[in-house]
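Notes follow once the structure below has been shown.
Order of the sequence lines fixes the chain letters, A, B, ..., with proteins taken first and strands second; residue numbering starts at 1 for each chain.
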Protein chains: 2
Amino acid sequence: MQITSRFTVALHIFTCVEIFKDEYKVTSDFLAGSINTNPVLIRKILTQLKAAGLITVARGTGGIAVTRPISEITFYDVYQAIEPVENGDLFHFHENPNPKCPVGRNIHALLDNKLKAIQSAMEDEMKKYTLEDLKTGALERIANEQ
Amino acid sequence: MQITSRFTVALHIFTCVEIFKDEYKVTSDFLAGSINTNPVLIRKILTQLKAAGLITVARGTGGIAVTRPISEITFYDVYQAIEPVENGDLFHFHENPNPKCPVGRNIHALLDNKLKAIQSAMEDEMKKYTLEDLKTGALERIANEQ
DNA sequence: AAGCATTGTAACACTTGCAATGACGACTCG
DNA sequence: CGAGTCGTCATTGCAAGTGTTACAATGCTT
């Protein structure tokens, strides 16, 4: 099981916006071209990012604007905006363990704090990376190409 | 997107084996009863655990034996045995970014080390918990019930 | 040797979620 | 008004997880 590609696509979108916003009009069609996917998928992701308050999208004229300084937006913010994880739990239990079994009726409580710690470790690492890191990294790589 | 319930089911299986192995014959039917699922699902998971060398399963007579001391088996070992993640990568990229776009042809290399760091943070945390923690935790909880 | 319980595995149906696509209304600007 | 763009819906295809049935293979037990 893998994290949806929508997460990496969202990071791709932010990178494109930052790199190209002065040079081109960054529309969902433009982004779909760079990512090589469908404009509708882009728009769905933009809708999620907008709902999370990370961006605003101009209707009609087109154009995407980031609402906060990109140094203040972390991978975790993007992840939370994109992944519609039920209750925010990364791990999934089997629904109805047998309450007559001593293990069955305790397994959930027993595992819960450990799984939460594992999930938190991942999320805390996500908070270390910002969109600014992404932009500067992209500029470096593009400069080194020539 | 969530981690499959097979992972937590596998941990449930190990806990049951440790708690009940002296008292009952722990078969796939017995486990299916505790977890409240299908014996075939249990057998599929047992097959994965066996392929990873964590357990042996006696055919015919039935019965599950752990091959190593449970203090030496971590959640990570179980996770690796269960999750058939492609290339071991937790995160998933969109397949074919546009090579004509400066961002498109660099995004993969740009994100790779960051995503790997995030994944490693999770996996390292998984290595902190062993099946022994699970067993002692379960015994405590069961004792406190009375 | 025969019977029984159990595992190993294949096959199938069902559900869910992601992704691709087309269509059309809503909105903004020139 | 008209062109361009976003917002959203419906449909389709596909993959994965899960539940279930069925049956062969295995190894005790008698």
Side-chain angles (χ1 to χ4, degrees), chain A residues 1-10 12-13 17 20-21 24-33 35-52 55-65 82-86 89-98, chain B residues 1-10 12-13 16-17 20-21 24-33 35-52 55-65 79 82-86 89-98:
Chain A
M1 184 69 88
Q2 291 181 304
I3 304 284
T4 324
S5 70
R6 282 208 306 269
F7 175 56
T8 52
V9 170
H12 190 147
I13 288 174
V17 169
F20 293 124
K21 64 182 173 186
Y24 301 99
K25 182 159 70 166
V26 181
T27 66
S28 61
D29 274 43
F30 178 90
L31 291 165
I35 298 167
N36 199 20
T37 181
N38 200 284
V40 176
L41 177 63
I42 305 291
R43 288 186 214 142
K44 280 182 186 162
I45 293 174
L46 291 179
T47 301
Q48 289 182 284
L49 295 174
K50 201 175 59 174
I55 61 172
T56 58
V57 181
R59 203 165 181 172
T61 165
I64 297 161
I82 293 298
E83 285 292 322
V85 185
E86 187 181 356
D89 288 332
L90 180 63
F91 294 96
H92 190 222
F93 280 92
H94 202 276
E95 294 80 23
N96 304 305
N98 189 343
Chain B
M1 188 67 93
Q2 291 181 303
I3 304 284
T4 324
S5 70
R6 283 209 305 271
F7 175 55
T8 51
V9 170
H12 190 148
I13 288 174
C16 275
V17 169
F20 295 123
K21 65 182 173 186
Y24 303 97
K25 180 159 72 164
V26 182
T27 66
S28 60
D29 273 43
F30 178 90
L31 290 166
I35 297 168
N36 199 21
T37 179
N38 199 283
V40 175
L41 176 63
I42 305 290
R43 288 186 213 141
K44 283 178 185 166
I45 293 174
L46 291 178
T47 302
Q48 289 182 284
L49 295 174
K50 200 174 59 174
I55 61 172
T56 59
V57 182
R59 201 164 179 169
T61 166
I64 297 161
Y79 173 73
I82 293 298
E83 285 292 322
V85 186
E86 187 181 355
D89 289 330
L90 178 64
F91 294 96
H92 190 224
F93 281 92
H94 202 275
E95 295 81 22
N96 304 305
N98 188 344

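The CG atom of Leu49(B) sits 15 Å away from the C1' atom of dG8(C) (whole-angstrom rounding). With rounding to whole Å, Phe7(A) atom CZ is found 21 Å from dG17(C) atom P. Distance CG (Leu41(B)) to P (dT21(D)): 14 Å, rounded to an integer number of Å. Regarding Asn36(A), its CG atom lies at a distance of 15 Å from the C1' atom of dT21(C), rounded to whole Å. One atom, CZ of Phe30(B), and another, C1' of dT7(C), lie 17 Å apart when rounded to the nearest Å. Ile42(A) places its CD1 atom 12 Å from the C1' atom of dA20(C), with the value rounded to the nearest Å. As rounded to whole Å, 21 Å separates atom P of dT16(C) from atom CD1 of Ile3(B). Atom C1' of nucleotide dA16(D) and atom CD1 of Ile82(B) are separated by 15 Å, given to the nearest angstrom.
We find the CD1-CG distance between Ile45(A) and Leu31(A) to be 10.0 Å, quoted to the nearest 0.5 Å. Here Ile35(A) contributes atom CD1 and Thr8(A) contributes atom OG1; the two are 8.5 Å apart, rounded to the nearest 0.5 Å. Asn38(A) contributes atom CG, which lies 8.0 Å from atom CZ of Arg43(A) (distance to the nearest 0.5 angstrom). In this structure, CG on Asn96(B) lies 10.5 Å from OG1 on Thr37(A), to the nearest 0.5 angstrom.
For Phe93(A), the ring pair (Phe, Tyr, Trp, His ring centres under 6.0 Å) partners two or more places apart in sequence, or in a different chain, are His108(A).
Side-chain contact between Glu83(A) and Thr4(A) is present, with at least one heavy-atom pair separated by less than 4.5 Å.
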Query - Protein-to-nucleotide contact annotation, 5' to 3' order, nucleotides 2-8 of chain D [B base; S sugar-phosphate only; - none; under 4.0 Å, heavy atom] - result: --BBBBB
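At least one side-chain nitrogen or oxygen of His94(B) sits closer than 4.0 Å to the OP1 or OP2 atom of dA20(C). At the phosphate of dT18(D), OP1 or OP2 sits under 4.0 Å from a side-chain N or O atom of Ser5(B). Residue Asn38(A) places no side-chain N or O under 4.0 Å from the OP1 or OP2 atom of dA19(C).
A perpendicular orientation is assigned to the rings of Tyr79(B) and Phe7(B), their planes being inclined by more than 60° (bins at 30° and 60°).
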